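Below you'll find the structure, written out as structure tokens, and then a few comments.
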Protein chains: 2
Amino acid sequence: MLNFSTSEENYIKAIFHLQQDVGPVTTNEVAHELKTRPASVTDMMKKLKIKKLLHYQPYQGFRLSSEGTKVALGIIRRHRLWEFFLAEKLKFTWDEVHEVAEDLEHVSNKKLIDKLDEFLGFPRVDPHGDPIPDMHGKIEISNKICLSKLPNHTPALVSSVSDHSSEILELLEHKKISLGSKLEIKRRFEFDNSLEIRMGRQPAFTISQQLAETIFVTSLLPLIQISEGKRNK
Amino acid sequence: MLNFSTSEENYIKAIFHLQQDVGPVTTNEVAHELKTRPASVTDMMKKLKIKKLLHYQPYQGFRLSSEGTKVALGIIRRHRLWEFFLAEKLKFTWDEVHEVAEDLEHVSNKKLIDKLDEFLGFPRVDPHGDPIPDMHGKIEISNKICLSKLPNHTPALVSSVSDHSSEILELLEHKKISLGSKLEIKRRFEFDNSLEIRMGRQPAFTISQQLAETIFVTSLLPLIQISEGKRNK
DNA sequence: AAATAAATTTAGACAAATCTAAAATATTCC
DNA sequence: GGAATATTTTAGATTTGTCTAAATTTATTT
Ligand SMILES: [Mn+2]
Ligand SMILES: [Mn+2]
Ligand SMILES: [Mn+2]
Ligand SMILES: [Mn+2]
């Protein structure tokens, strides 16, 4: 596999994340994500198209090609392994790891990363609960759902948190919620969409709508899938 | 302290190493070291002079300023800590660490490096025996001498090896010489400058002039300094 | 279906880092 | 000391990645 510049890698990674949502990724979305200008995005898209890393027709938005997806998964693998290393070995707090990993992810020596993976014991998820692609680019597709969509009285494990700030970390630590915590929703309040939660035998407590929307869980019971309409091509 | 580009850092580091020898560093020396062209070196020297990292007058060569030296020691600290990490934790062989560290050294997050240092147990030397600057930029000035200059019958410890190739590693492993090995010279042969060496109680063996010139040792006895003429300003 | 607004692309400029070729300076040798 | 040689610097291009401003295309209103 070829090598890509730091800048190219940042674009590829941004598109990978943005295309998790349905439909093609737009110029403005990428520009906003990378704090750059739409004109710069267009320039780079032309370049990545020539390198066959994405599909792109002017004015039509873009999606990564299968080759581009492979590259993206490599970058994400490096990013998340370094985040795990920083948290686990260097005792960085949760909110500090991302920024440093943004730089380390661009050191793309295959042997370095595979040995690091081994050294860390082949971790499955990073400190925020996001899955780490393996050395072949395979990534776990988890059946996470947002805590705000978990039915009442359904035990579940906290599996990831989509906000990586120190503010949410502070709140989660105060409420003693961490990855792997088992909880269930006892009650929902219509007024402010707050949730009453129980964890283990502790007394129940309340969490806000904002918090519930950033916590993702895996149910311990099979859930009846609430269809929300499939994405249409 | 400001941040510098990867390219600027590579020039600073090269000059630091080259100026260990006496006299100013020349344009051609740097160009050769960095596999670049003299014209590119001149361009960069102008830039680094403006940033007050070195002393430079056209045609007169250059030396790092005290500020430039500080920056260089920071880069060398990062480089050698990563080399130690790669060898010690990721089980890279001796000859593999340098190349990877060349990239990692440019990730210049102070907290990352200081925590890495702590995680590694504050190592004093890298896998080649070169001293690692501490978090304040302080570096051990060792009284290493080249094995080829060690007097006969003077016990000494192997403290560093100036060639980092796999070829020398292969030879050193075969002869069971490693950092910390205690040895002394029994005899010198004039014909080819080879040395007869004894390590511990093992039978004596011979090493070539080339090998002796890359091995550095610290004597276990105080040596009478053989003056070779001081550098003149 | 125009008119207006929004999104996107193009045109042209700029900074960083590199290069080749030519000019300027320093060094070496007779 | 002066010619020949080596080193270094300058001049001008090139590549990568970025930007602003203008032009183009698409989407949304009226
Ligand atoms: Mn991250
Ligand atoms: Mn993460
Ligand atoms: Mn090295
Ligand atoms: Mn080293």
Side-chain angles (χ1 to χ4, degrees), chain A residues 2-15 18-19 21-64 68 71 75 102-103 105-108 232, chain B residues 2-15 18-19 21-64 68 71 75 102-103 105-106 108 232-233:
Chain A
L2 288 159
N3 261 343
F4 301 98
S5 72
T6 293
S7 189
E8 289 171 328
E9 289 190 343
N10 284 334
Y11 279 96
I12 293 165
K13 188 168 59 125
I15 294 166
L18 290 169
Q19 74 181 12
D21 305 340
V22 291
V25 179
T26 69
T27 305
N28 271 353
E29 281 168 356
V30 175
H32 180 259
E33 177 80 8
L34 295 179
K35 296 179 177 53
T36 182
R37 295 294 173 176
S40 309
V41 176
T42 300
D43 286 347
M44 184 60 88
M45 293 309 100
K46 287 185 195 162
K47 200 172 137 193
L48 295 181
K49 184 186 181 177
I50 289 166
K51 294 192 176 189
K52 296 192 186 299
L53 295 172
L54 49 75
H55 303 295
Y56 164 54
Q57 297 295 59
Y59 298 99
Q60 303 306 125
F62 15 83
R63 296 191 76 82
L64 292 179
V71 174
I75 302 162
E102 282 294 298
D103 289 335
E105 72 186 5
H106 301 294
V107 178
S108 60
N232 40 19
Chain B
L2 289 159
N3 262 343
F4 301 99
S5 71
T6 293
S7 188
E8 288 170 328
E9 289 190 343
N10 285 335
Y11 279 96
I12 294 165
K13 189 169 57 123
I15 294 167
L18 290 169
Q19 74 180 12
D21 304 341
V22 293
V25 179
T26 68
T27 304
N28 272 354
E29 281 169 356
V30 175
H32 180 258
E33 176 79 10
L34 295 180
K35 295 179 176 53
T36 181
R37 295 295 175 172
S40 309
V41 175
T42 300
D43 287 347
M44 184 61 86
M45 293 309 101
K46 287 185 196 163
K47 202 172 135 193
L48 295 181
K49 184 187 180 175
I50 288 166
K51 295 192 177 189
K52 297 190 183 301
L53 295 172
L54 49 76
H55 303 295
Y56 164 55
Q57 297 296 56
Y59 298 100
Q60 303 305 127
F62 15 84
R63 295 193 76 82
L64 292 179
V71 174
I75 302 163
E102 282 293 299
D103 288 336
E105 72 187 5
H106 301 294
S108 60
N232 40 17
K233 66 160 148 180

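Chain identifiers are assigned alphabetically (A, B, ...) following the order of the sequence lines, protein sequences preceding nucleic acid strands; residue numbering begins at 1 within each chain. Worth knowing before you read on, the calculation uses all heavy atoms, side chains too, and leaves out hydrogens, waters and symmetry mates. On a predicted model such as this, the values are computed, not experimentally measured, just so you know.
Closest contact between the side chain of B:Y11 and the listed nucleotides C:dT18, C:dT9, D:dT20 involves C:dT18. Of all nucleotides listed (C:dC19, D:dT18, D:dT8), D:dT18 comes nearest to the side chain of A:S7. Nearest to the side chain of B:P58, among D:dT9, C:dT18, C:dT8, sits D:dT9.
When the nearest nucleotides of DNA chain D are assigned to A:Y59 and A:M44 by heavy-atom distance, the more 5′-ward of the two goes with A:M44. A residue-by-residue look at B:M45 and A:T6 shows that B:M45 has its nearest nucleotide of DNA chain D further toward the 5' end.
For D:dT9, one of the phosphate oxygens OP1 or OP2 lies less than 4.0 angstrom from a side-chain nitrogen or oxygen of B:T27. Phosphate proximity of C:dC19 to B:S40: present, with a side-chain N or O under 4.0 Å from OP1 or OP2. Residue B:T36 places at least one side-chain N or O under 4.0 Å from the OP1 or OP2 atom of C:dC19. When the side-chain nitrogen and oxygen atoms of B:N28 are compared with OP1 and OP2 of D:dA6, none of them lie within a distance under 4.0 Å. Residue A:Y56 has a polar side-chain atom (N or O) positioned under 4.0 Å from OP1 or OP2 of C:dT9.
When the P atom of D:dT18 is taken as reference, atom NZ of A:K46 falls 14 Å away, rounded to whole Å. Residue A:K51 contributes atom NZ, which lies 14 Å from atom P of D:dT15 at whole-angstrom precision. Residue A:E9 contributes atom CD, which lies 16 Å from atom P of D:dT16 at whole-angstrom precision. Separating the CD atom of B:E8 from the P atom of C:dA16 is a distance of 9 Å, rounded to the nearest angstrom.
Using modelled atom types, one side-chain atom of A:R63 and one backbone atom of A:G23 make a donor-acceptor pair closer than 3.5 Å. Proximity of a side-chain donor or acceptor of A:Q19 to a complementary backbone N or O of A:L64 within less than 3.5 Å is detected.
The shortest side-chain heavy-atom distance between A:E29 and A:V41 does not fall under the 4.5 Å cut-off.
Checked for salt-bridge contact, B:E102 and B:K13 meet the test: a charged N lies under 4.0 Å from a carboxylate O.
Residue B:F62 is out of contact with every strand shown, counting any heavy-atom pair closer than 4.0 Å. Using a 4.0 Å heavy-atom distance criterion, A:T42 is classed as a base contact.
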